[in-house]
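Worksheet: the structure to be examined is printed underneath.
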Amino acid sequence: MSTLEIKDLHVSIDTEQGTKEILKGVSLTIKTGQTHAIMGPNGSGKSTLASTIAGHPRYKVTSGTITLDGEDVLAMTVDQRARAGLFLAMQYPVEVPGVSMTNFLRTAKTAIDGEAPKLRTWTKDVKAAMAQLRIDADFAERNVNEGFSGGEKKRVEILQLELFKPKFAILDETDSGLDVDALKVVSEGVNRAHEAGNMGTLLITHYTRILRYIKPDFVHVFVDGQVVEEGGPELADRLEDEGYDRYATGAGAATIAAAAQA
Amino acid sequence: MTEITTEKARIGAPSAQPFINGFTEEGESLSPINANASKAPLAGEAVKRHSHGGGVGIPDSSRAGRLTSYNLADFKPLTGLEEDWRFTPLKRLRGLHSEVLAGAAPTVTVSGPDQVTVETVARGDKRIGSAGIPEDRVSANAWENFSEATVLTIPAEFEADTEVTVVIEGTSTEAAAQHLVIVAEKFSKAVVILNHQGSAVVSENIEIVVEDGANLTVVSLQEWNDDAVHASSQQAKIGRDAKFKHVVVSLGGDLVRVTPSTRFTAPGGEAEMFGLYFADAGQHLEQRLFVDHAVANCTSNVLYKGALQGRNAHAVWVGDVLIRKEAEGTDSYEANRNLLLTDGARADSVPNLEIETGLIKGAGHASATGRLDDEHLFYLMARGIPEDVARRLVVRGFLHEIIQQIKVPALEERLTEAVERELAVTNN
């Protein structure tokens with residue numbers, strides 16, 4: 001049983017116009033076995049939260065804490081966070097030329113586990129996981145994400161989630177840009193990882209569509225860098241019917257515009 | 001072969017319209033009336049003869065217009081302002097451009113199949129001058145000063161199943177001249193590895209003859225000690241339907257300047273030219289290549305990749321591809337990629353493409369120089385991979401594309417290890 005705890009988190013980025021505060025005091029506690037959905041309009045800071053947990057250098061934490069079972073996550077480097085059990089499925093996975101998927105997966109697995117996986121079972125595990133996610137076998141020989149379509153990249157993110165078995169998975173808009181078939185395949189992958197036991201999930205999404213396949217225990221609504229409403233799965237249903245419009249009061253004009261587009 | 005040859009071929013200089021009669025906007029010239037001779041000195045008669053003093057009112061902008069001569073005196077002393085020397089720190093040439101090259105040449109030791117003959121010959125041997133002619137002062141200086149040459153012959157129709165290794169071992173840093181001739185006779189097949197090591201200050205001319213239907217790979221490794229200075233002109237003449245693969249790997253030495261050229265002399269030739277370099281702090285690694293498509297239906301593919309790290313690490317790549325009017329059906333591509341691993345390193349990259357006919361299959365050039373991408377590193381690190389391992393993964397992957405072209409497993413392994421050692425130097 002693990003706990004990922006975020007307390008009063010404030011995060012800024014440097015822009016050409018100066019420092020801009022994106023997260024304005026976010027608190028959230030996730031435990032093993034739970035699925036939390038974070039929903040909100042574009043520009044509300046959802047992805048910033050995901051990248052900050054993973055340690056992307058662009059985001060500066062100005063105050064607040066993130067702890068994993070009491071350990072200070074903010075004091076860890078990016079790779080230490082991953083080895084501690086945090087996994088970020090990225091919204092836009094980058095292509096890494098010259099590094100084959102096979103080599104990458106094995107190197108990462110070795111780093112996370114602290115020892116090289118047994119070659120025979122590992123190859124079998126990778127093949128089986130790829131088949132379940134309907135990823136062509138020849139992807140293993142290709143370079144990391146190189147030439148993959150948007151949907152293929154998202155499947156490969158979930159492939160890693162299943163192989164690396166993190167304590168906490170943060171899915172940053174994994175559903176965006178997927179057609180219904182791909183969405184199902186990806187959701188099944190997340191559910192398998194969840195059922196396998198010791199994982200908590202933070203599911204960041206703009207749409208309610210993925211919540212038909214991945215059932216959240218808690219829903220948090222993000223507007224303008226803060227959680228404005230929290231509830232159970234019924235909140236997601238309500239958002240599906242009403243959208244984000246009713247949160248517009250009091251929020252900035254940009255948020256209203258973004259919500260209206262959604 | 002010290003006869004003075006001073007002809008110059010001037011074709012396609014942009015400001016010299018009369019040279020290509022009937023040249024249309026599409027670059028086509030279909031009338032036989034316009035089929036005037038235009039060949040490199042080694043490919044036949046030069047299109048024009050005149051003194052080599054720097055052109056008669058015509059800018060020397062075509063690669064074909066470069067002065068070639070066996071005579072040192074034909075080349076003016078270098079100032080460093082010359083187009084082909086502007087990136088080279090002349091002070092670090094240790095006299096290769098200005099002194100008599102009287103030092104002892106690096107020793108040459110050849111191992112390989114018995115059928116491959118190795119001869120040490122005097123300057124007058126008829127094979128000397130069969131594929132090369134100096135194109136710059138340093139090369140001409142070596143030509144003027146070498147005392148004997150090594151001639152390596154792969155006999156006709158012989159297919160070597162093991163590679164021929166030529167160890168060129170420098171033992172002194174007195175400026176010296178070296179000369180090698182490699183002849184792959186008709187329908188032969190071989191891989192020749194030139195392994196430059198030790199300490200030397202040497203200007204080297206390597207002539208490579210790839211006869212009709214032969215298949216030759218030449219890998220030139222520069223794994224010199226830190227104090228070595230090496231200029232190497234490696235000129236290949238490609239026969240009908242012959243295949244030539246040339247790989248330059250420059251890792252060691254203070255200053256290494258390799259100038260490979262490939263000249264097609266009959267149709268159907270194929271050339272691949274690859275390069276890999278890893279410049280460390282203070283190192284100057286330069287490569288200037290030339291592909292001369294002088295005849296029809298030949299293909300060439302050029303790819304050089306380099307990594308640079310440390311203060312004043314300097315790499316230079318200049319790729320000249322010339323597709324002459326006769327070279328219809330040419331298919332050609334050249335590219336250079338550089339990866340800057342630290343601040344303070346510099347890569348100069350100049351891909352030049354001259355096309356004098358529109359009747360070609362393809363011609364392209366590309367160049368890119370960039371840093372190790374922070375987003376690549378973030379992605380790999382977000383999967384638990386420590387930063388140093390992540391950096392090595394990316395650089396190794398980047399350079400592996402060249403190493404895997406060599407197709408000699410033992411050598412590929414050795415070079416992979418050499419790259420690992422380079423990466424370990426500054427713990428990247």
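Chain identifiers are assigned alphabetically (A, B, ...) following the order of the sequence lines, protein sequences preceding nucleic acid strands; residue numbering begins at 1 within each chain. Note: hydrogens, waters and symmetry copies are ignored here, and every other heavy atom, side chains too, is used.
Remark: Glu21(A) CD is packed, more than 12 non-hydrogen atoms of other residues, nucleotides or ligands lying under 6.0 Å away. Residue Asp226(B) places its CG atom among 12 or fewer non-hydrogen atoms of other residues, nucleotides or ligands, all under 6.0 Å distant. Around atom NZ of Lys153(A), more than 12 heavy atoms belonging to other residues, nucleotides or ligands sit under 6.0 Å away. Heavy-atom contacts from other residues, nucleotides or ligands closer than 6.0 Å to NZ of Lys407(B) number more than 12. Other residues, nucleotides and ligands place more than 12 heavy atoms under 6.0 Å from the CD atom of Gln404(B). Atom CG of Asn103(A) has more than 12 neighbouring heavy atoms from other residues, nucleotides or ligands inside a 6.0 Å radius. Around atom NZ of Lys305(B), more than 12 heavy atoms belonging to other residues, nucleotides or ligands sit under 6.0 Å away.
By the 4.5 Å heavy-atom criterion applied to side chains, Met90(A) and Glu375(B) are not counted as neighbours. Residues Phe378(B) and Val94(A) have side chains not in contact (no heavy-atom distance under 4.5 Å, counting atoms from C-beta outward). Here the side chains of Asp79(A) and Ile385(B) are not in contact, with every heavy-atom distance at 4.5 Å or above.
Atom CZ in Phe104(A) sits 4.5 Å away from atom OH in Tyr379(B) (nearest 0.5 Å). Distance check, rounded to the nearest 0.5 Å: NE2 of His376(B) to CG of Asn145(A) gives 9.5 Å. Between the CG atom of Leu393(B) and the OG1 atom of Thr107(A) there is a distance of 5.0 Å, given to the nearest 0.5 Å. The structure places CD1 of Ile112(A) at 8.0 Å from CZ of Arg383(B), a figure rounded to the nearest 0.5 Å.
Of the listed residues (Ala82(A), Gly55(A), Pro97(A)), the one with the most heavy-atom contacts under 4.5 Å to chain B is Ala82(A). For chain A, the option among Ala390(B), Pro386(B), Ala382(B) with the highest count of heavy-atom pairs below 4.5 Å is Pro386(B).
With a threshold of 4.5 angstrom between heavy atoms, Glu95(A) approaches chain B through N, CA, C or O but not through any side-chain atom. For chain B, the nearby parts of Pro93(A) are the backbone and the side chain; heavy atoms of each come within less than 4.5 Å. Of the two parts of His400(B), neither the backbone nor the side chain holds a non-hydrogen atom closer than 4.5 Å to a non-hydrogen atom of chain A.
Under a 3.5 Å cut-off, the side chain of Arg83(A) and the backbone N or O of Gly384(B) do form a donor-acceptor pair.
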